[in-house]
Amino acid sequence: KSHEHFKDLVENIDSVAAFFARKVEGGLGPAEHSSVDKVVQIIKEACLVWGGHLRMQPLLRFNYQQDASPDNFFTPYTWTQVISHAGIAWNPAHVRLLSPSALQPP
């Protein structure tokens, strides 16, 4: 909260959290059991009346510095995603990847 760059963002998050906390607390009776379904219902209803005004943020800019060897991360990561989400019953014990030098013609 004390970091100047994030002050407005944190205030926006606090504002949204406080709004929904008030709605949930007000929507549950003192002796009412707070089931997940009841809390979700209250939040959905509160979304329809959300009228909070958030502080406008300046355009956030991020600097990307490419690693010297991005393939050390991206190749294993990409293949992990392919194996996990392809819908094909891959046997991880039989998966072998070629190094880029193996793909170069002699």
Side-chain angles (χ1 to χ4, degrees):
K1 286 185 175 185
S2 62
H3 196 285
E4 188 60 34
H5 292 291
F6 302 115
K7 181 181 175 189
D8 291 340
L9 290 171
V10 171
E11 286 178 7
N12 283 345
I13 292 168
D14 284 344
S15 174
V16 172
F19 171 80
F20 285 103
R22 284 191 306 272
K23 291 295 184 180
V24 169
E25 290 168 0
L28 296 175
E32 187 174 355
H33 177 67
S34 59
S35 70
V36 172
D37 292 333
K38 178 65 176 172
V39 172
V40 169
Q41 176 189 351
I42 293 169
I43 291 173
K44 285 181 180 180
E45 291 170 1
C47 287
L48 299 175
V49 297
W50 164 254
H53 297 285
L54 303 177
R55 290 181 179 228
M56 293 300 294
Q57 302 298 313
L59 179 64
L60 298 175
R61 294 179 183 216
F62 301 95
N63 293 325
Y64 172 74
Q65 295 177 340
Q66 184 167 338
D67 190 55
S69 301
D71 51 316
N72 289 341
F73 169 77
F74 287 109
T75 301
Y77 175 76
T78 301
W79 278 106
T80 299
Q81 296 304 308
V82 169
I83 291 168
S84 299
H85 302 289
I88 300 172
W90 300 92
N91 182 345
H94 294 110
V95 173
R96 303 282 188 260
L97 298 177
L98 298 173
S99 67
S101 61
L103 301 175
Q104 300 294 327

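Counting from 1, the numbers follow the sequence of the chain as shown.
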- prompt: Would Val49 end up clustered with Val16 when hydrophobic side chains under 4.5 Å apart are linked, directly or stepwise?
  reply: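 Hydrophobic grouping puts Val49 with Val16.
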Sequence neighbours excluded, the answer for side chain to side chain contact (heavy atoms under 4.5 Å, CB included) partners of Glu11 is Lys7, Asp8, Arg55
- Can you name the side chain to side chain contact (heavy atoms under 4.5 Å, CB included) partners of Val36, sequence neighbours left out?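 Side chain to side chain contact (heavy atoms under 4.5 Å, CB included) check on Val36 returns Val40.
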Test side chain to side chain contact (heavy atoms under 4.5 Å, CB included) applied to Ile43 - qualifying residues, sequence neighbours left out =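 Scan of Ile43 (side chain to side chain contact (heavy atoms under 4.5 Å, CB included), adjacent residues dropped) gives Phe20, Val24, Val39, Cys47.
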When every non-hydrogen atom of Lys23 is compared with those of Ala46, the smallest separation belongs to CG-CB, 3.7 Å
